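For reference, the structure is listed below as structure tokens.
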Amino acid sequence: MLSFIMQDVLGTPAILVGLFSLIGLLLQKKSFSEVVSGTTKTIMGFLILIAGAALVATTLTTFSQLFEHSFNIQGVVPNTDAMAALAQKNYGSATAMIMVFGMLINILLARITPLKYIFLTGHHTLYMSAMLAVILSSGGVTGFWLVAIGSLILGAMMVIAPAILQPFTRKITGSDDLALGHFGSTGYLCSALVGKLVGKGSPSTEELNVPKSLNFLRDSSVAISLTMTILFLVLVLVSGKAYTESQVSGGQNYLVFALIQAITFAGGVYIILAGVRMVIAEIVPAFKGIADKLVKDAKPALDCPTVFPFAPNAVIIGFLCSFGAGLLSMFILPLVGLSVIVPGLVPHFFCGATAGVYGNATGGRRGAVIGSFVHGLIISFLPAILLPLMGDLGFASTTFGDADFGVVGIVLGNMIKIFN
């Protein structure tokens, strides 16, 4: 029963967000019709978001395969989803206990402290729980103390991560109704601070002066399609017709395959934005019930694509600049004695794009470019430093990718070493 609640219910992000919406609507004593409609639309919006993310992740996997073959680069590819799945094999029970108690501590801290944030990004809650279980277990912490320490750290991170970003999130969204609940917050914070430092007087990425003949570029879906088409064409041309058609495209013409993959990627981004708008439209009114009854003035902290609709141009700029920094890092990391981290397209897209939005909010175009580039360096170096602290999982060909996993894991792992 506990396994069902932890893994199947609370471990399913759409259900978790839907439950919070349901509770909020019930606390407001909404009619049966409104409760059913609001809860269903919240879950549906999140599932639309997940479907778009899956579509994007699939095309990025193909991109990574072509990239590694084209440039013959081997190394560790950060993938937080894969690492969490690996961790479940040996640390599943500890992960589940840390997750449930961490969520309770999140609600408690939101109630008794000025940090009024309820972290609703369920999969990231699960992933951070898994990493904490791995780091603590690898350091020799077991039993009660493993769950207690892990839960306290998780619960604290669930209010701290949204809080440090809120001044910038408020600037992006134009309101104080939402927060960002994503464990890449230290990277986004650095991007926003860098933007503030370098971007004085720089116009927003959303104010690009486009000639009338290029007005189609104002449509972010078209701009993303064209950008990704160029990147995919370069990769299939370098990989070669024979390799692409025999190993990747399933026999489809390699040029047609590149075009379809690029537009599929843009379609995935479009679906994500549609899902985000639907979730926001439903969960903000519903969340008022939780804020009024359980945690006064609480704010829902949602996944990183929440900010994408506010600066679509910054999304693609952030992705490209973050990825560029990842490419550069591959050559720097071995020089300083660290493992080669091959830039994972999923963290560089979702986190790099978010960093671009935050950099743009404080420093316009220069902030988006330089801020997301710095972010790309951060999510390349932190996983390399974290790798030796991962115990047996440190020998896997992947690792946790987003910035907060690196920061928390490195600090916690080294503290355990000192105390041991």
Side-chain angles (χ1 to χ4, degrees), residues 53 78 80 115 117 119-121 123-125 127-128 156-176 178-199 204-206 272 276 299-326 343-344 346-383 400-410:
T80 302
L115 306 180
Y117 304 98
F119 196 97
L120 293 181
T121 310
H123 62 293
H124 258 227
T125 306
Y127 297 166
M128 182 62 81
M157 283 298 299
M158 290 169 81
V159 292
I160 292 170
I164 61 175
L165 291 175
Q166 193 59 15
F168 308 110
T169 306
R170 196 182 301 123
K171 191 170 184 179
I172 291 166
T173 63
S175 77
D176 204 26
L178 292 172
L180 192 78
H182 194 263
F183 288 132
S185 60
T186 46
Y188 312 145
L189 177 64
C190 288
S191 182
L193 295 175
V194 167
K196 200 171 184 179
L197 187 66
V198 305
S204 170
T205 56
E206 310 313 300
I272 288 171
V276 166
K299 298 176 182 65
L302 302 174
D303 203 353
C304 63
T306 300
V307 299
F308 287 6
F310 297 97
N313 291 338
V315 167
I316 194 66
I317 290 170
F319 162 48
L320 293 174
C321 293
S322 181
F323 183 62
V346 172
H348 279 289
F349 173 70
F350 287 103
C351 300
T354 308
V357 175
Y358 276 85
N360 176 64
T362 58
R365 295 173 202 169
R366 279 201 301 275
V369 170
I370 301 173
S372 56
F373 186 86
V374 170
H375 169 272
L377 295 176
I378 289 170
I379 66 168
S380 299
F381 276 80
L382 286 179
F400 291 98
D402 304 350
D404 291 356
F405 293 96
V407 172
V408 173
I410 291 165

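None of these values were measured; they are calculated from a predicted model.
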| field | Minimum heavy-atom distance Tyr188-Cys351, with the two atoms named | value | CE2-O, 3.3 Å
| query | Does Arg365 reach the main-chain N or O of Ser204 with its side chain, forming a donor-acceptor pair under 3.5 Å? | reply | yes
| request: May I ask you to test the Thr354-Leu180 pair for a side-chain heavy-atom distance under 4.5 Å? | output: yes
| note | Note: Ile164 and Ala161 closest approach over all heavy atoms is CG1-O, 3.3 Å
| query | Can you tell me how far OG1 of Thr121 sits from CE of Met128, rounded to the nearest 0.5 angstrom? | reply | 11.5 Å
| field | CG-CG distance between Leu193 and Leu189, expressed to the nearest 0.5 angstrom | value | 4.5 Å
| task | Mind listing the closest non-hydrogen atom pair of Gly356 and Ser191 along with its distance? | result | N-OG, 4.5 Å
| task | Measure the CG-CE distance between Leu120 and Met158 for me, rounded to the nearest 0.5 Å. | result | 8.0 Å
| query | Can you check whether Gly181's main-chain N or O pairs, donor with acceptor, with Ser185's side chain at less than 3.5 Å? | reply | no
| said: With a 3.5 Å distance limit and no angle check, can you tell me whether Asp404 reaches the backbone of Thr186 through a side-chain donor-acceptor pair? | reply: yes
| query | How are the rings of Phe183 and His124 set to each other: parallel, tilted or perpendicular (split at 30° and 60°)? | reply | parallel
| Atom pair CG/CZ of Leu178 and Phe310 - distance to nearest 0.5 Å | 7.0 Å
| Do you know the tightest heavy-atom contact between Phe400 and Tyr127? | CE2-O, 3.8 Å
| said: Is the ring pair Phe350/Phe308 parallel, tilted or perpendicular, if the boundaries are 30 and 60 degrees? | reply: parallel
| request: If the plane angle is over 60° it's perpendicular, under 30° parallel, otherwise tilted; pick one for Phe168 and Tyr358. | output: perpendicular
| query | Looking only at heavy atoms, what is the nearest atom pair of Thr205 and Ile317, with distance? | reply | CG2-CD1, 3.7 Å
Review item, side-chain donor-acceptor pairs of residues 367-381, under 3.5 Å, at least two apart:
from	atom 1	to	atom 2	distance (Å)
Ser372	OG	Ala368	O	2.5
Ser372	OG	Val369	O	3.2
His375	ND1	Ser322	OG	3.3
Ser380	OG	Gly376	O	2.8

| task | Would you give the length of the straight line joining atom CZ of Phe119 to atom CG of Leu302, rounded to the nearest 0.5 angstrom? | result | 10.0 Å
| query | Would you find a donor on one side and an acceptor on the other, under 3.5 Å apart, between the side chain of Lys171 and the backbone of Ala361? | reply | yes
| query | Would you find a donor on one side and an acceptor on the other, under 3.5 Å apart, between the side chain of Asn360 and the backbone of Ala314? | reply | no
| said: To check you understand the geometry: which heavy-atom pair defines the closest contact between Ala163 and Pro167, and what is its length? | reply: O-CD, 3.7 Å
| said: Nearest 0.5 Å, please: how far is CD1 in Ile160 from CE in Met157? | reply: 6.5 Å
